[in-house]
Amino acid sequence: MVNKAWKIIPRPLLETILNNHAQHHRVPQPLILHGPRGVGKTTLILDRFLGEWNKGPHLTGYVDFAQSIKDHHPNFDGSFPWYSWSSCELPSLSSCQTQLENCLESMAHKGIKLGTISSHQIFTTLNKWHGINTALRRILNQNASKIAISNKVSSSGLWDRAVFALSARFNAFEIDGVLDFEEKGKSLSIDEASYFKEAIVALRLAKEVIKMQQKWRANAIADLNRSGRFSRSLANSFTDWPCLLLELLSQAAEIGHFQPKLVINNVEILRNAMLTDDSKVCGSMYHDSLIWRIIALGANERCLPVILVTSDSYYSYQAFMDFGFPDIFVSRETFGWTPQEAKMHMVTDYFTHAEWMVIDDVLGPNPRHLFEVYMLKQSNCYQKLMDNEASTFEDIVDAYLAYLQVTVVNPSMDKALSFLQKFAIDARSGKILEHRLHFGAPWRHPPSSKDPTICKEWAKIQLMDFVQSLVNAEFGVNYLADCSLEIMDDPAAVALVEVGLLYAQRDPSFFRPISKGIQRCLARWLVQERMQLSYQNLLQYLWQRIIRGRSYRHLMLQVGYDKY
């Protein structure tokens with residue numbers, strides 16, 4: 001057990017389900033793989049699937065929108081945060097857009113090299129959704145064509161001329177590099193080489209046409225951003241290029257020859273990406289347009305397998321309703337291991353039975369907790385601590401719990417307080433809908449004063465009241481009980497979901513902390529804040545609990561659904 005390397009343990013049932021979905025060359029629905037943080041979703045994709053899904057005819061594009069967040073990504077010696085990505089410095093929408101488009105373009109190049117995507121196919125698909133004549137004429141004029149182009153020339157004629165003009169402009173060596181002609185050029189005839197080169201130039205021409213049309217809409221999009229309105233056509237204009245590539249790849253998919261698929265990790269970052277250019281739509285609009293069009297492509301013509309990976313509980317239930325109905329996506333929710341499974345894998349190999357009893361009681365079977373405690377156990381600090389006869393394994397678990405408290409829970413609760421303060425300001429200015437301030441709601445009467453100190457005290461009392469109600473409900477609340485969704489109107493619940501400490505799971509529909517370790521830290525936070533209350537604030541808190549206090553015991557977790 002000493003210094004034994006951590007191994008990635010297979011999950012046969014979940015892996016079989018995901019493999020069955022990915023083995024199809026085209027599918028009617030995208031799949032969402034979701035679950036709380038730390039249960040091993042990214043590890044499963046990277047270490048168990050990505051290699052296999054790039055063998056033989058299979059080609060998998062992997063996009064991780066968190067990759068540009070260098071402080072919290074394994075590629076830059078960081079680690080994924082326990083709290084929500086919204087608490088980090090998010091990347092720009094342009095960065096996420098470029099990342100997605102580059103991935104899809106490289107997949108399209110692979111399809112061209114296999115001969116499954118041709119210039120004619122690119123033209124047909126582009127012409128089906130876009131009026132391209134004006135853009136093609138302008139591109140031909142930009143290429144200094146001295147020959148007047150008749151208005152009677154068809155779209156296909158303009159396309160052929162534009163492809164010819166662009167092929168002269170592009171660097172031949174660059175195109176050869178994309179097609180790897182240096183390696184296989186000797187085995188290709190002149191006609192075959194010309195066919196592949198024409199397809200590459202056609203793909204670049206299609207991109208140029210779409211980007212030109214986007215520029216024409218720049219002023220309209222800037223006005224859209226200023227006014228805060230919504231336009232589906234303008235939103236779709238910014239997803240035209242990735243969706244065209246997805247359609248081309250889906251059409252080119254062929255069993256046993258070319259089977260592309262796309263995995264998008266941390267898709268919630270795209271939804272919250274920062275807008276740095278008024279000529280682009282906002283991140284949420286881009287995100288919704290992209291997913292809408294993937295759904296439409298799958299429903300109408302079948303789409304290549306698209307797997308969205310996320311830890312945001314928005315995608316466990318609310319996204320399904322926002323995009324149409326409860327079964328619009330294929331949902332695969334994972335919670336990691338059950339206590340029995342974790343014990344079977346961990347005891348004797350990584351922890352003794354006595355150590356496991358402590359971990360199971362304090363932290364639960366969350367795989368990331370187990371990995372971090374094991375790494376701490378293998379460190380020199382632990383060895384020095386255990387040299388002291390008075391020290392026990394409980395000390396290292398307590399130190400890890402203190403680490404979670406200081407670096408994860410306390411900063412996240414401060415962020416949640418700022419959300420509640422903003423709610424109070426919005427309620428005072430009339431920005432909150434009346435149904436959220438219904439009669440009897442504990443949060444119905446935010447302070448009328450603009451004093452930030454009073455507002456912060458009210459927010460803290462609301463947050464403490466909510467955490468106390470969770471404690472009374474044993475940290476298990478069924479938010480779909482009686483089909484009321486009443487807890488989702490609670491600004492304190494929404495704030496803790498936003499910061500990532502609570503997770504609203506799909507099936508069964510429970511609302512709970514993301515792990516037993518985080519649950520224990522939430523209880524510690526409540527005790528600590530109660531101890532620090534002044535006498536006046538303590539009276540306010542007790543009055544809140546007795547007169548207006550929350551109670552979710554009627555929505556308590558049911559016996560038999562323990563999914564920690």
Side-chain angles (χ1 to χ4, degrees), residues 29-39 41-42 63-66 69 80-88 90-91 93 96 230 235 263-275 281-295 306-335 412 415-416 419-420 422-423 433 436 466 477-480 483-515 518 563:
Q29 294 171 283
L31 182 146
I32 297 183
L33 175 63
H34 54 105
R37 284 172 175 77
V39 299
K41 300 181 295 296
T42 299
V63 179
D64 185 359
F65 288 127
I69 306 177
F80 291 131
W82 278 103
Y83 43 78
S84 169
W85 287 111
S86 62
S87 301
C88 305
L90 292 171
L93 176 60
C96 295
F230 172 76
V263 178
I264 301 179
N265 196 6
N266 297 305
V267 67
E268 66 270 25
I269 292 178
L270 180 63
R271 183 166 166 253
N272 298 305
M274 294 186 299
L275 182 64
V281 297
C282 64
S284 59
M285 205 178 291
Y286 183 95
H287 164 275
D288 292 351
S289 173
L290 178 67
I291 293 182
W292 265 120
R293 297 180 74 176
I294 291 174
I295 292 170
V306 177
I307 299 176
L308 309 176
V309 185
T310 178
S311 298
D312 191 334
S313 55
Y314 167 78
Y315 297 88
S316 64
Y317 175 78
Q318 190 58 46
F320 289 75
M321 305 310 296
D322 287 351
F323 284 98
F325 60 94
D327 297 317
I328 199 162
F329 302 103
V330 179
S331 171
R332 288 297 173 261
E333 193 168 35
T334 176
F335 302 98
S412 297
K415 184 82 172 177
F419 287 150
L420 282 167
K422 184 179 183 301
F423 176 87
L433 298 177
R436 292 195 65 189
F466 177 76
V477 174
N478 190 332
Y479 63 88
L480 281 184
C483 299
S484 62
L485 289 174
E486 59 181 89
I487 196 171
M488 304 310 290
D489 287 334
D490 192 333
V494 173
L496 288 181
V497 169
E498 285 289 325
V499 299
L501 295 183
L502 295 185
Y503 182 77
Q505 65 189 54
R506 177 180 174 87
D507 184 25
S509 55
F510 295 137
F511 191 87
R512 62 173 71 208
I514 58 175
S515 74
I518 298 297
K563 287 232 174 182

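The two residues L420 and A492 come nearest to each other via the heavy atoms CD2-N, 3.7 Å. Scanning all heavy atoms of the two residues, the minimum distance from R436 to D489 falls at NH2-O, 3.1 Å. Closest non-hydrogen pair, C96 versus P91, comes out as SG-CG, 3.8 Å. L496 and A416 get closest at one heavy-atom pair: CD2-CB, 4.0 Å. Between M274 and L90 the shortest heavy-atom distance is CE-O, 2.7 Å.
Counting only heavy atoms from C-beta outward, the side chains of W85 and F65 never approach each other to under 4.5 Å. Side-chain contact check for V497 versus Y314: every heavy-atom pair is 4.5 Å or farther apart. In this structure, the side chains of S87 and P81 stay at 4.5 Å or more apart for every pair of heavy atoms. You'll find the side chain of I514 reaches within 4.5 Å of the side chain of W82, heavy atoms only. Under the 4.5 Å side-chain criterion, counting only non-hydrogen atoms from C-beta, F230 is in contact with M285. Looking only at side-chain heavy atoms (C-beta outward), L93 and L270 come within less than 4.5 Å of each other. Side-chain contact between R37 and I518 is absent, with no heavy-atom pair separated by less than 4.5 Å. Under the 4.5 Å side-chain criterion, counting only non-hydrogen atoms from C-beta, N266 is in contact with F80.
One distance of note links CG of L308 with OG of S331; it measures 11.5 Å at 0.5 Å rounding. Atom-to-atom distance recorded for R512:CZ and S313:OG is 12.5 Å, nearest 0.5 angstrom. We find the CD1-CZ distance between I32 and F329 to be 4.5 Å, quoted to the nearest 0.5 Å. Note that CZ of F323 is 4.5 Å distant from CD1 of I291, once rounded to the nearest 0.5 Å. Atoms CD1 and CD1, on I264 and I269 in that order, are 12.0 Å from each other to the nearest 0.5 Å. Here the straight-line distance linking atom CG of N265 with atom OG1 of T42 works out to 4.0 Å at 0.5 Å rounding.
Tested against F511, the residues I487, N478, L480 include a single side chain to side chain contact (heavy atoms under 4.5 Å, CB included) partner, I487.
Side-chain contact, N272 with E268: no donor N or O sits under 3.5 Å from an acceptor N or O. No side-chain donor-acceptor contact under 3.5 Å links T334 and K41.
Listed by chain and residue number, H34, E333 satisfy the side chain to side chain donor-acceptor pair (under 3.5 Å) test with Y503 (two or more places apart in sequence, or in another chain). For the salt bridge (charged side-chain N to carboxylate O under 4.0 Å, His left out) test, no residue two or more places apart in sequence or in another chain qualifies with D288.
Listed for the S84 side chain is a donor-acceptor partner under 3.5 Å among the backbone atoms of E498. With hydrogens and angles disregarded, no donor-acceptor distance shorter than 3.5 Å links the side chain of Q318 to the backbone of M321. Remark: side-chain polar atoms of Q29 are paired, donor with acceptor, to backbone N or O of I328 under 3.5 angstrom.
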In sequence, state the C-alpha distance, the side-chain angles, and the governing distance for Q505 and F335, and then conclude on side-chain contact (heavy atoms from CB on, under 4.5 Å). CA-CA 9 Å; Q505 65 189 54; F335 302 98; 3.4 Å; yes

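Cation-pi geometry between R506 and F320 is met: under 6.0 angstrom from the ring centre, within 45 degrees of the axis.
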